[in-house]
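Step one of this worksheet: look at the structure below.
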Amino acid sequence: MNNLTGKKILLISPEFEKKEHRGIASYSKSLINTLNILGAEVWLSTSINPKNFKLNKFNNNSRDYIFTTYILRNFYEGNENYKNYFYIKNRYLKFLNKLNVFLNFICLTLKLLKTLFSSNVYNEKNCKEIKFINKEDNPYLRIEKLSFIKGIRGFVSLPNLSFKSEATSRFPFRNKMKINLNRFDYFISTAPINLITNLETPIIQTIHDLIPLEYEPNLSNLNSFYNKLLLCENSKRIFVSEITKSKFHHIFNNNKKYFSNKDKKINSESVIIQSPSLFFEEYKDFNIYNRILNSVSSNKTINANQIQPFNYFLFNASIDSRKNVLLLIECFLNSEAQRNGKILVITGKMKNDKYSKKIKNLIANNYGIISTGYIKEAFKSALYLNALCLLSPSIVEGFGIPVLDACCLGLNCFASDCNSHKEIQKLFDFSSYLDIYSPISVAKWTYIFNNKSIFNVSDKGDTILNRLSRYQRFDKKIKDEFKAKLLNLINED
């Protein structure tokens, strides 16, 4: 079979219900696009329950129409229904805030008890399919964050899925959920989830990394993630890198009952390179992206520097200790770059933790560093297009989408020596653009900021047009390979 025409697929993607769409969400959007190209009928899971909305007085069509609107709003705003139940904004009301913590604890405990003693099975009785019929002139489809929804045929309410998955995966017993919806041909989870299904409707689980087992372990989170990985043994699997696949097999290869060649369906797995994540609406007129870059500069709040084309180093990722951002800042401050008028641009939302606070203090006291915070896709793409180079000193990665994006663009990139970055370096001609350094080599990372050969861009216009042309070519090449491997995995018996 060359395509998936007539196949009905349910995508289980709790990450779409978070406030920020990064990493896994980028992969999931590529998956939706690829399944659409292959002709599949794609449905998307949602955690919200139609029974929570009093819509009985409406007829069936009106009910589905309105409930779809609630679903879209949930995807847009992020599902926080198990956090901050009674959040009080006035920070001076200390007593009420303490009461708020107590009430949160009570609500969370009650919810956990309800989850523990409720059914762990999703079936035709407690799940509802809602066709996405109100696409025409839908305001939510005009919001960048939700533009991917156009490729969705409908939604399936799996009530309380996000909370239930996180809660049950931590239980010492009854720690998995089951889905029995026979109207679907395949289930695909976009990240490990503690979900099993009958063999008539296979499930494909995506494994991005094993980082919760490798870095800053938290006992509760570690048990949760391990239990989810255990259930990936008994399903088809997508790995985003060879190193992730190797680590998975290293941990679970003693479980011979799962890796027996007698059952190919259980044994089926594939390493599929994720599609690049940059978005360029226009591949001919580079001046558009210069203007977008100007708008990024005008929106900054940290200092008075302007982000000019080919005058800045770029870091693009979430902000946490694993990403090793402090190394970049310290090396930048120890270099000549700032005195030469160069800027370090850091994207990604700061957290309310010690690591982010330390970064904020350094940024506040140094005019050469700009933090943009979380930015729109068009802004991110413009930053890549006009950058001197990309920097990615992560301690560990499952793959490394920022590095892949840079290599596809032909943007010089300096990354840490984790195996996932080495994998990317071996792809196509990427070794010409990607240099690998140890994340503990302060001298090497400082040298990058002093390397004047990086600063020499002879013709900025030609460079940008060449980058756009190259990106368009590699974007198609990788997406075609993604499509072929996904189709083979799904059709493999």
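Everything quoted here is computed from the prediction, not taken from an experiment. In this chain, residues are counted from 1 in sequence order.
Listed for the Ser189 side chain is no donor-acceptor partner under 3.5 Å among the backbone atoms of Ile12. No donor-acceptor pair under 3.5 Å is formed between the side chain of Lys176 and the backbone N or O of Asn120. Looking at Asp475, its side chain never comes within 3.5 Å of a backbone N or O of Tyr471 through a donor-acceptor pair.
A salt bridge links Asp137 with Arg142: at least one charged nitrogen is closer than 4.0 Å to a carboxylate oxygen. Using a cut-off of 4.0 Å between Lys/Arg side-chain N and Asp/Glu carboxylate O, Lys376 and Glu144 are scored as not salt-bridged. Between Glu481 and Lys477 there is no salt bridge, since no side-chain nitrogen of the basic residue lies less than 4.0 Å from a carboxylate oxygen of the acidic one. We find that Lys380 and Glu377 are joined by a salt bridge, their nearest charged nitrogen and carboxylate oxygen being less than 4.0 Å apart.
Looking at residues two or more places apart in sequence or on another chain, you find no salt bridge (Lys or Arg N to Asp or Glu O under 4.0 Å) involving Lys145. A search for ring-ring contact (aromatic ring centres under 6.0 Å, His included) contacts involving Phe187 returns nothing, not counting sequence neighbours. Remark: Asp64 engages Lys128 in a salt bridge (Lys or Arg N to Asp or Glu O under 4.0 Å) (not counting sequence neighbours). The salt bridge (Lys or Arg N to Asp or Glu O under 4.0 Å) test applied to Glu129 returns Lys8, Arg183, not counting sequence neighbours. Looking at residues two or more places apart in sequence or on another chain, you find no ring-ring contact (aromatic ring centres under 6.0 Å, His included) involving Tyr384. Under the rule for a ring-ring contact (aromatic ring centres under 6.0 Å, His included), Tyr140 has no partner lying at least two apart in sequence or in another chain. Scanning for side-chain contact (heavy atoms from CB on, under 4.5 Å) contacts around Lys29 gives Phe16, His21, Phe148, with sequence neighbours left out. In this view, Lys349 and Glu20, Tyr374 satisfy the side-chain contact (heavy atoms from CB on, under 4.5 Å) rule, not counting sequence neighbours. For Ser275, the side-chain contact (heavy atoms from CB on, under 4.5 Å) partners are Ser30, Lys479, Phe482, not counting sequence neighbours. Applying the salt bridge (Lys or Arg N to Asp or Glu O under 4.0 Å) criterion to Arg467, with sequence neighbours excluded, gives no partner residue. For Phe310, the ring-ring contact (aromatic ring centres under 6.0 Å, His included) test picks out no residue, with sequence neighbours left out.
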What pairs of donor and acceptor atoms, side-chain ones from residues 404-411 against any protein atom, are under 3.5 angstrom apart with sequence neighbours left out?
residue : atom : partner : partner atom : Å
Asp405  : OD1  : Ser277  : N            : 2.8
Asp405  : OD2  : Ser277  : OG           : 2.5

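Aromatic ring centres of Phe474 and Phe430 lie closer together than 6.0 Å. Aromatic pair His208/Phe399: ring centres not closer than 6.0 Å.
In terms of heavy atoms, Ala415 sits closest to Val403 at CB-CG2, 4.0 Å.
Looking only at atom types and distance, the side chain of Ser165 has a donor-acceptor partner in the side chain of Asn194 under 3.5 Å away.
The aromatic rings of Phe132 and Phe155 sit tilted relative to each other, their planes meeting at an angle between 30° and 60°.
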